[in-house]
Enquirer: 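This structure is in structure tokens; I'll ask about it shortly.
Here is how names work: the chains are called A, B, and so on, in the same order as the sequence lines, proteins then strands, and each is numbered from 1.
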Amino acid sequence: MGDYDSNTIEPKWQRFWEERQFFHAPKTGPKPKLYLLEMLPYPSGDLHMGHMRNYTIGDAVARYQRARGMNVFHPIGWDAFGLPAENAAIKNKVHPRQWTLNNIARMKAQLRRFGFSYDWSSEISTCEPEFYRWNQWFFLQMFKRGLAYRKKSRVNWCPQCQTVLANEQVVEGCCWRHEETPVEQRELEQWFLKITDYAEELLADLDKLAGRWPERILTMQRNWIGKSVGARVRWALPQSDKFIETFTTRIDTIYGAVALLLAPEYPLVDELIAAVPGHATIRREVEKMRQQSQRAQALAQTEKEGIFTGRFALHPFTGEKVPIWVSNFVLMEYGTGAVQAVPAHDERDFEFCHKYRLPIPIVVQPVDDKPLTDASLREAFTGYGRLVNSGPYTGLTSAQALEKMTDDLAQQGKAERTVFYRIKDWGISRQRYWGTPIPIIYCDACGTVPVPEDQLPVVLPLDVEITGTGGSPLLNVPSFVNAPCPKCGGPGRRETDTMDTFVDSSWYFYRYLSPHEDKAPFDTETVKRFFPIDLYIGGAEHAVLHLIYCRFWTKVMRDLGLVKLDEPVTRLFNQGMVIKDGAKMSKSRGNVVSTDEMIEKYGADTARLFTLFAAPPSKDMEWTQAGVEGCERFLQRIFRLVAKHAPRLRQHKVSPSGEVTANERLLLRKAHQTCRRVTHDFETRWHFNTSIAAIMELVNQLYLLEPLEQSVSAKVLDEVLGMTVLLFSPFAPHMAEELWERLGRTSSVAETPWPGYDAELAREEEYEIVIQVNGRVRSRLRVSEDLTEQELLEQAHADQRVAALLNGQRIARTVVVPKKLINIVLVQ
RNA sequence: GCUGGAGUGGCGGAACUGGCAGACGCGCCGGACUCAAAAUCCGGUGGGGCUCACCCCCCGUGAGGGUUCGACUCCCUCCUCCAGCACCA
């Protein structure tokens, strides 16, 4: 009979689909569109299981939705710029472009071998000038509107490599390649995009996504944006026109402020301590904290330290002198770099003031708890309450005080309502080669000059030497660096930094719709027709960066008049990780299963089936060899069944319609029930493991009725097998096509509509009803569907076992859940 | 610490709105086929008990309480694990 040989059959159907372009989505037409997207892969070299899982989930949905009559747009492309290409160049002496293209070719072949239903005609690669010129174009639009700007900023610098490191390349304060070398901070001129202009909208619009994006992602984005509403408070310095501004969300506690704390990097610090006796010691301490805060920022939980500057500021309400300290736990990057220390009502301040023996006055009392006393105060009370010891504000609630105190100070010009965001402007400069050149020319006469749009793209030169030291390799390419100033024509110098690769992925999904458009980043009409993205599938590792940048980009595009959308992605789905031996698959752990090996040994369908069967897509899944083999067995099982019966079915396509046998009815019902379950799983919850389980049950049922030819007519068997094949086609598409053909169908599964189910048939005709007495199962009854509640009860009482239990007892009540159970409650 | 998620057999996981806990698969045990083995097909498989005629009874979804005729499911308290953020004023 022969078994299913994936390595001959699967490529056959892959060619078949491709030749007929089944998965090409027409850009116009009557069918409703569905834009289904998976996060584009970085061409790292090999398709790994994480990719495979992501695309398998997407492909199942794509195939289902096509069968439901949707015009499914399902593209794929390559996130082709990035650091690994440069590292490979240094290590293996290959050009980053060559390395990248090789990897793309390799991974593309792997994707094709899995038979994913992509529209290959819309494939893009972000490292091609035809793509990245539009990064440059967007940059220029933003520059024109002041959304792209340049400022000095700190970067991580490895003195060994002589180059800038990304945050991710700093491992415990040291360079990832020189683990002994501490990373230094350098001030460099960097380009930034003003994402902070959109902070409020990015935050507010998260509410629109509620219920359609995972709650976890929304929360992470809210935290990332980190909005705090509060006040900027001005503290005057005695005998000086200088002042210090603090930011606080708790101005109601300001009467409890016992000190002002400054970040070590606070600009005024040096000036403040200059004239103070003993300033040498103070300076040394401050210097130490500065060093420490640069290096150990990430390590958090370092011991709080501080030093009194010897200077005082004047309390804005009382005018009292408040000592100014410098402390290591105050961040220059957040707020104003200066804070009020209110030990009684802030945990950090409590810890700090306790350590340095500063007073801890209570100024807020809890409303519905025991009042605090100095003696009983073991930790800060950070809740809201009612004010005490707060001058004229004593007696107000925190909420009232927040308003009134801010207003009062504001009137005297000493405070201002302020909102601070944790999110900072997006630094996009990378001192790297393999990225989009920033289209700017510096001219001694004209300053910073944007490259005119008609001169785009600024092409990344290919003739460079990449050594991994000495800053951007582009610096050593005179033909690139030296460029005439577009304004005055005089000698100019090109920006040699390239853009963060997250720029590419912020808008790539628009480009898919018109990948070769050369007058604009995309065709507006097509985008109007296909956007927003209906479904975006990918891992949660991009919860903040990519998924916030792409939202930002769309809002900018909207404000540029390019699109009419606020949000690019309607629904987001995060798949879980692939786990092996209890840990995430990774090279460093050595628990990787290669996709090539899977294909070779089991084929695409088995790998795909197992991926969906092992766990629901949203959860982590454990990869096991035995589980894969189980799925292979199932595929062989269904293959053998069809192979055995198909010849007979083809001969007697139409058989005499007579009485339906019991087995036929059983099979038909099971088939329609399975259809209901699978359809339900696709429509509501994406638990394909249960869909596949249902299909397995159906196949098991078919086996149990063997030999089928004895009790099941060709007609019924043909219908049941046909339905079975269609139902598992989203999960094992090659097998489905093969069996479909063997069943004598002339069409392709890929163009066959999803089967509907007969709700009447899918219903149980006979069902078992559970009889409980006092909530405990006592008996079961097989009854037919159309009994009334009364008749059910009569049957229950007629049951021997139940009658025995009820004998002589008084019944308190009876609960009847139609079709499920009867519970007779006895009087205790 | 905060936020999000999860704790169910030997394992992965089912159980839709509170209604037969353990679907389906793996593993294991047994049977059929075979000279034999593999493959395949069929049956069994949470724990404990019983004059085990497979009839029946008890226990059982991280722990403890609650609501309910009835709780894996709802409420409260706690524990453990995973992920993300982490001195954000």
Enquirer: Hydrogens and angles aside, do T246(A) and W235(A) bring a side-chain donor and acceptor to less than 3.5 Å of each other?
Expert: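 On atom types as modelled, these side chains qualify, holding a pair under 3.5 Å.
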
Enquirer: For the residue pair H542(A) and H546(A), categorise the inter-ring angle as parallel (less than 30°), tilted (30 to 60°) or perpendicular (more than 60°).
Expert: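 Judged by the thresholds at 30° and 60°, the geometry between H542(A) and H546(A) is perpendicular.
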
Enquirer: Taking R234(A) first and then E416(A), would you say they form a salt bridge - that is, a charged N and a carboxylate O separated by under 4.0 Å?
Expert: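 Looking at R234(A) and E416(A), the cut-off is not met.
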
Enquirer: Quick one: stems involving RNA chain B, counted as three or more successive Watson-Crick or G-U pairs, both distances short of 3.5 Å.
Expert: B:1-7 with B:79-85, B:10-12 with B:24-26, B:27-32 with B:40-45, B:46-49 with B:56-59, B:62-66 with B:74-78

Enquirer: Take atom P in C16(B) and the same atom in A71(B), then report the distance between them in whole Å.
Expert: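 Comparing P positions in C16(B) and A71(B) gives a spacing of 16 Å.
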
Enquirer: If you measure from the C1' atom in G7(B) to the same atom in C78(B), how many Å do you get, rounded?
Expert: 14 Å

Enquirer: Hey, could you give me each pair passing salt bridge (Lys or Arg N to Asp or Glu O under 4.0 Å) that has a residue in residues 697-711 of chain A? Not counting sequence neighbours.
Expert: K644(A)-E706(A), K670(A)-E697(A), R677(A)-E697(A)

Enquirer: CH2 of W213(A) versus P of G84(B): gap in Å, rounded?
Expert: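 From W213(A) CH2 to G84(B) P: 19 Å.
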
Enquirer: Given A23(B), G19(B), C88(B), identify the nucleotide with an atom nearest to the side chain of E697(A).
Expert: A23(B)

Enquirer: Of the options G12(B), G19(B), C88(B), whose atoms approach the side-chain atoms of A614(A) most closely?
Expert: G12(B)

Enquirer: May I ask you to say what T624(A) touches in the nucleic acid, namely base, sugar-phosphate or nothing, with a heavy-atom cut-off under 4.0 Å?
Expert: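 Nothing: the residue T624(A), judged by heavy atoms under 4.0 Å, touches no strand.
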
Enquirer: More than 12 heavy atoms of other residues, nucleotides or ligands under 6.0 Å from CD of E347(A): is that the case?
Expert: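 No - once you tally the heavy atoms of other residues, nucleotides and ligands closer than 6.0 Å, there are 12 at most.
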
Enquirer: Return no unless some side-chain N or O of R422(A) is found under 4.0 Å from OP1 or OP2 of A86(B).
Expert: yes

Enquirer: Should the ring pair H315(A) and Y255(A) be called parallel, tilted or perpendicular, given that the plane angle runs from 0 to 90° and is split at 30 and 60?
Expert: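 H315(A) vs Y255(A) ring planes: tilted.
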
Enquirer: Could you state the interatomic distance from CD1 (I769(A)) to CG (L792(A)), rounded to the nearest 0.5 Å?
Expert: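 Answer rounded to 0.5 Å: 4.5 Å.
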
Enquirer: Whole-Å distance between G13(B) C1' and D620(A) CG?
Expert: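 Taking CG of D620(A) and C1' of G13(B), I get 14 Å after rounding.
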
Enquirer: Figure out the CG/P separation between N574(A) and C82(B), and round it to whole Å.
Expert: 20 Å

Enquirer: How far does the C1' atom of C24(B) sit from the matching atom of G9(B), given to the nearest Å?
Expert: 15 Å

Enquirer: Check whether the side chains of R637(A) and N700(A) place a donor and an acceptor atom closer than 3.5 Å, and report yes or no.
Expert: yes

Enquirer: Per the salt bridge (Lys or Arg N to Asp or Glu O under 4.0 Å) rule, what does the pair list look like for residues 243-253 of chain A, sequence neighbours excluded?
Expert: R232(A)-E245(A), R250(A)-D252(A)

Enquirer: Once you round it to whole Å, what is the distance between P of A14(B) and CD1 of I692(A)?
Expert: 12 Å

Enquirer: For the pair made of NE2 in H680(A) and C1' in U17(B), what is the distance, rounded to whole Å?
Expert: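 Spelled out: NE2 on H680(A) to C1' on U17(B) is 11 Å.
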
Enquirer: Roughly how many Å is it from CZ in F610(A) to C1' in G12(B), rounded to a whole number?
Expert: 8 Å

Enquirer: Could you tell me if the side chain of F381(A) sits less than 4.5 Å from the side chain of V364(A), heavy atoms only?
Expert: yes

Enquirer: Measuring only the C1' atom in each nucleotide, how far is G12(B) from G22(B)? A whole number of Å is fine.
Expert: 13 Å

Enquirer: To the nearest Å, how far apart are E245(A) CD and A89(B) P?
Expert: 17 Å

Enquirer: Using a cutoff of under 3.5 Å, can you pull out all pairs of nitrogen or oxygen atoms linking the protein to nucleotides 2-9 of chain B, with atom names and distances?
Expert:
none

Enquirer: At a cut-off of 3.5 Å, list every protein nitrogen or oxygen paired with a nitrogen or oxygen from nucleotides 67-77 of chain B, distance to 0.1 Å.
Expert:
unit_1, atom_1, unit_2, atom_2, d
C69(B), OP1, R813(A), NH1, 2.7
C69(B), O2, N823(A), ND2, 2.0

Enquirer: Measuring only between side-chain heavy atoms, which start at C-beta, is I195(A) closer than 4.5 Å to I548(A)?
Expert: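 A side-chain contact under 4.5 Å exists here.
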
Enquirer: Strictly by modelled atom types, are E632(A) and Y4(A) linked by a side-chain donor-acceptor pair under 3.5 Å?
Expert: no

Enquirer: Could you state the atom-to-atom distance from CG of L635(A) to C1' of G25(B) in whole Å?
Expert: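 Answer to the nearest Å: 13 Å.
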
Enquirer: What's G630(A) touching, base or sugar-phosphate or nothing? Going by heavy atoms closer than 4.0 Å.
Expert: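 Contact class for G630(A): sugar-phosphate only.
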
Enquirer: Using the P atom as the point on both nucleotides, what is the distance between G66(B) and C72(B), in whole Å?
Expert: 15 Å

Enquirer: Just to be sure I understand the rule, does V544(A) reach a base, reach only the sugar-phosphate, or reach nothing, if contact means heavy atoms closer than 4.0 Å?
Expert: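 Nothing: the residue V544(A), judged by heavy atoms under 4.0 Å, touches no strand.
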
Enquirer: Do the side-chain N or O atoms of S228(A) get closer than 4.0 angstrom to the phosphate oxygens (OP1, OP2) of A89(B)?
Expert: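 Yes, S228(A) has a side-chain N/O under 4.0 Å of OP1/OP2 on A89(B).
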
Enquirer: Looking at R222(A) and D207(A), is any side-chain nitrogen of the basic one under 4.0 Å from a carboxylate oxygen of the acidic one?
Expert: yes

Enquirer: Return the nearest nucleotide to the side chain of M696(A); candidates are A89(B), G25(B), G19(B).
Expert: G25(B)

Enquirer: Is there, by distance only and without an angle test, a donor paired with an acceptor across the side chain of R348(A) and the base of A89(B) below 3.5 Å?
Expert: yes

Enquirer: Suppose you measure atom P in C75(B) against the same atom in C82(B); what distance do you get, rounded to whole Å?
Expert: 25 Å

Enquirer: Nucleotides 39-43 of chain B: which of its N/O atoms have a protein N/O under 3.5 Å away?
Expert:
unit_1, atom_1, unit_2, atom_2, d
U40(B), O3', R640(A), NH2, 3.4
C41(B), OP1, R637(A), NH1, 2.7

Enquirer: Hey, which of these two, N689(A) or K227(A), hits RNA chain B nearer its 5' end, going by closest nucleotide?
Expert: N689(A)

Enquirer: Classify the nucleic acid contact of D349(A) as base, sugar-phosphate or nothing, counting any heavy atom under 4.0 Å across all strands shown.
Expert: nothing

Enquirer: Is the distance from the ring center of Y356(A) to that of W325(A) below 6.0 Å?
Expert: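 Close enough - the centres of the two rings lie under 6.0 Å apart.
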
Enquirer: Going by heavy atoms in the side chains, are N54(A) and I537(A) under 4.5 Å from each other?
Expert: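 A side-chain contact exists here, since the closest heavy-atom pair is under 4.5 Å.
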
Enquirer: On RNA chain B, compare the nucleotides closest to E347(A) and Y421(A); which residue's is nearer the 5' end?
Expert: E347(A)

Enquirer: Centres of the F634(A) and Y703(A) rings: under 6.0 Å?
Expert: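 When the ring centroids of F634(A) and Y703(A) are compared, they turn out to be at least 6.0 Å apart.
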
Enquirer: Pick the C1' atom in C54(B) and in G62(B), then give their distance to the nearest Å.
Expert: 33 Å

Enquirer: Quick one: classify the glycosidic conformation of G9(B) as syn or anti, with syn meaning within 90° of 0.
Expert: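 Syn, which is what one calls it when the glycosidic angle falls within 90° of 0.
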
Enquirer: Taking the side chain of T690(A) as its heavy atoms from C-beta onward, which of A89(B), C24(B), A14(B) lies nearest to it?
Expert: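 Within the option list, the nearest is A14(B).
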
Enquirer: For a quick check of understanding: with a heavy-atom distance under 4.0 Å over all strands, which category does P616(A) fall into, base, sugar-phosphate or nothing?
Expert: sugar-phosphate

Enquirer: Please measure how far the C1' atom in G30(B) lies from the corresponding atom in U80(B), and state the result in whole Å.
Expert: 39 Å

Enquirer: A side-chain contact here means heavy atoms from C-beta on lying under 4.5 Å apart; do F610(A) and T624(A) qualify?
Expert: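 When only atoms from C-beta onward are counted, T624(A) and F610(A) do touch, with a gap below 4.5 Å.
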
